[in-house]
2 protein chains.
Amino acid sequence: MTGRVALGIDGTRTIQEGRARDGCGREGNDACLQCNLGDLAFCHGLPEGELRGLMSIQGCVRTTPQDTLFNEGDRATYLYSPLSGAVKIYKLMADGRRQITGFFFRGDLFGFSPNGLHGYTAEAVTAGSLCRFPAAKMELLYPDSPVLAREVLRRSMIKLAHFHEHTLLLGRKSAPEKLASFLLTLSQRAVERGDSASPVLIPMGRSDVADYLGLTIETVSRTLTKFKASGLLELPNPSTVALRDPAALRRIADGGI
Amino acid sequence: MTGRVALGIDGTRTIQEGRARDGCGREGNDACLQCNLGDLAFCHGLPEGELRGLMSIQGCVRTTPQDTLFNEGDRATYLYSPLSGAVKIYKLMADGRRQITGFFFRGDLFGFSPNGLHGYTAEAVTAGSLCRFPAAKMELLYPDSPVLAREVLRRSMIKLAHFHEHTLLLGRKSAPEKLASFLLTLSQRAVERGDSASPVLIPMGRSDVADYLGLTIETVSRTLTKFKASGLLELPNPSTVALRDPAALRRIADGGI
DNA sequence: TCCTTCTATTGATCCAAATCAAAAACAGAC
DNA sequence: GTCTGTTTTTGATTTGGATCAATAGAAGGA
């Protein structure tokens, strides 16, 4: 654990500040030179000058599970890009209903805000570390960093495309279709990060999966059990899924009879 | 009606090309000088030089209801900004289930794509006209048009914020909560465009509303009838809603008991 | 080791919204 | 005006997933 933390009124930890150590890379100066994201990084391939600008404002935080990175309504101070671990973002209703609107892994980028305030809460799913950039300083870079600006726009368009897909899932798919879609997406994103397609790690608990898919934990559990019984997958433990018949899962995900 | 159209295999019209006439403004050169969007336009407030670049690639199309602007999977040739009328975008499943992922009105901007292909179909809800810009030429403008690039990024972040909100609606809200949210959002967007907050025009049919909210037309109709019976609103005709108690609708929308 | 706590699974019952079905309202066309 | 097709509303019934409830695993601590 690194960085000072404070306990919120509900006892959850909130990151105050992070000092870079070991795996997190050093801050500023040469931090980016030690980054191990490779071409996953949104800053990969930036021209020398643009990278220097980014590097000069780069910072780093580490998380342990359930750390809060920021709350809905907070000033949108930073953009984040996980180096390791997983983060979830969610919105809450007054009575406690929760909708998780995204999971972020190694190489992803999040924290965008159109109005200077975060519209959702961000919380660590696992231990990990995140590269971060002051949003205000980032904005100042864009006019002289066309490649960076273009990549940030591209990332936000990718996220928009994800939302279109997820909106279809939430509005029109059945529970089995939702779960099949979710598992395949997790698997595909793992591949994009260079991890294996098939024993897929599900770093989040059932309740996170349920709140992401608009279901309850019971329905998530029952549906996975049914998939297992049909030979579509194996569950050596609750957080590991071996996809035994990805093609069949694909058909289910797409609503193919 | 303007522009050449072709009939698709299903008999729906598809816009091939649009030539500007009357209300649509002329193409190129001075087209933007005749634009009546004012500060609603994403290009409002651009410096002289940036505006000239945009104007040189600007075009215009007119629509009649149900015209298809583009289909899911089409090359993402243009960005669109409605001058009048309304447009819906949606995704379809193989068995015909449909999820509308957005409605666009005067001043909005849509057609973004991260990969050169549209991830959804766009179809006119009403007659109207749209300003449009070749996406490829638009991209070429960004490096030398920092204000434009920044505004396009801001628009895409606004859209992301809408999606976070809509994801909560689809995943966790009840039918009355969905309808109340929808009506209030329509009303608020009308105000932003300079229209009245209360008799709100609902330009789309019940089936579009249902497919946007993840409901059926019967549930939409029943819920509106119940709102009417509770004195929350009046429905002089199916496409006009007078909000009689917006505060109560707000409480319902937010899940307040 | 056992105990406690948390998470996941399984079972029984219920209900909000879907589906099936019909009537009513509306918009054009003539 | 009437006729025709479409959209909206209302009614009856069904059902997928939620809720309520209990059990079974895992993980951590003493």
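The chains referred to below are lettered A, B, ... by the order of the sequence lines, with proteins before strands, and numbering in each begins at 1.
- Closest approach of A/L170 to B/L170, counting heavy atoms only: CB-CB, 3.8 Å.
- Residue B/E218 contributes atom CD, which lies 13 Å from atom P of D/dT10 at whole-angstrom precision.
- With DNA chain D read from its 5' end, the first of the two nearest nucleotides for A/T216 and A/P238 is the one closest to A/T216.
- Summary for the helix from C/dT1-D/dA30 to C/dC30-D/dG1: the axes at its two ends, each from 5 pairs, differ by 40° when rounded to the nearest 10 degrees.
- Taking the nucleotide of DNA chain D with the nearest heavy atom to each of A/P236 and A/P176, the more 5' of the two is matched to A/P176.
- Note on B/E177 versus A/R97: salt bridge recorded, some NZ/NE/NH1/NH2 to OD/OE distance being below 4.0 Å.
- Straight-line distance from the CG atom of B/L235 to the C1' atom of D/dT8: 11 Å, rounded to whole Å.
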Full working for side-chain contact (heavy atoms from CB on, under 4.5 Å) between A/K88 and A/Y212:
CA-CA 9 Å; A/K88 67 191 173 205; A/Y212 182 63; over 6 Å; no
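- Read 5' to 3', the first and last nucleotides of DNA chain C with an atom closer than 4.0 Å to a heavy atom of chain B are C/dA17 to C/dC20.
- Residues from residues 220-234 of chain B with heavy atoms under 4.0 angstrom of DNA chain D, sorted by number: B/S221, B/R222, B/T225.
- Paired with A/F110 under the rule ring pair (Phe, Tyr, Trp, His ring centres under 6.0 Å), one option of A/Y80, A/Y120, A/Y78 passes, and it is A/Y80.
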Could you walk me through whether B/D108 and B/R189 pass salt bridge (charged side-chain N to carboxylate O under 4.0 Å, His left out), step by step?
CA-CA 10 Å; B/D108 289 335; B/R189 289 178 73 180; 2.7 Å; yes
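- Taking CG of B/L179 as the start and CG of B/L215 as the end, the distance is 6.5 Å to the nearest 0.5 Å.
- Judged purely by atom type and a 3.5 angstrom limit, B/S230 uses its side chain to pair as donor or acceptor with the backbone of B/K226.
- The structure places OG1 of A/T121 at 5.0 Å from OH of A/Y90, a figure rounded to the nearest 0.5 Å.
- In terms of heavy-atom proximity, A/D211 sits nearest to B/R172 at OD1-NH2, 2.7 Å.
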Take B/K91 and A/E165, measure what salt bridge (charged side-chain N to carboxylate O under 4.0 Å, His left out) needs, and give me the verdict at the end.
CA-CA 8 Å; B/K91 289 179 75 80; A/E165 202 60 59; 3.3 Å; yes
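- Less than 4.0 Å separates DNA chain C from at least one heavy atom of each of the following residues of residues 204-215 of chain A: A/G205, A/R206.
- At whole-Å resolution of the value, CD1 in A/I217 and C1' in D/dG17 are 14 Å apart.
- B/A161 meets the side-chain contact (heavy atoms from CB on, under 4.5 Å) test with A/P114; sequence neighbours excluded.
- Distance CG (B/L179) to P (D/dT8): 13 Å, rounded to an integer number of Å.
- Under the side-chain contact (heavy atoms from CB on, under 4.5 Å) criterion, A/L117 pairs with A/R75, A/N115, not counting sequence neighbours.
- Each of A/T185, A/D208, A/V87, A/L186 was compared with A/F103 under the side-chain contact (heavy atoms from CB on, under 4.5 Å) criterion, and only A/D208 meets it.
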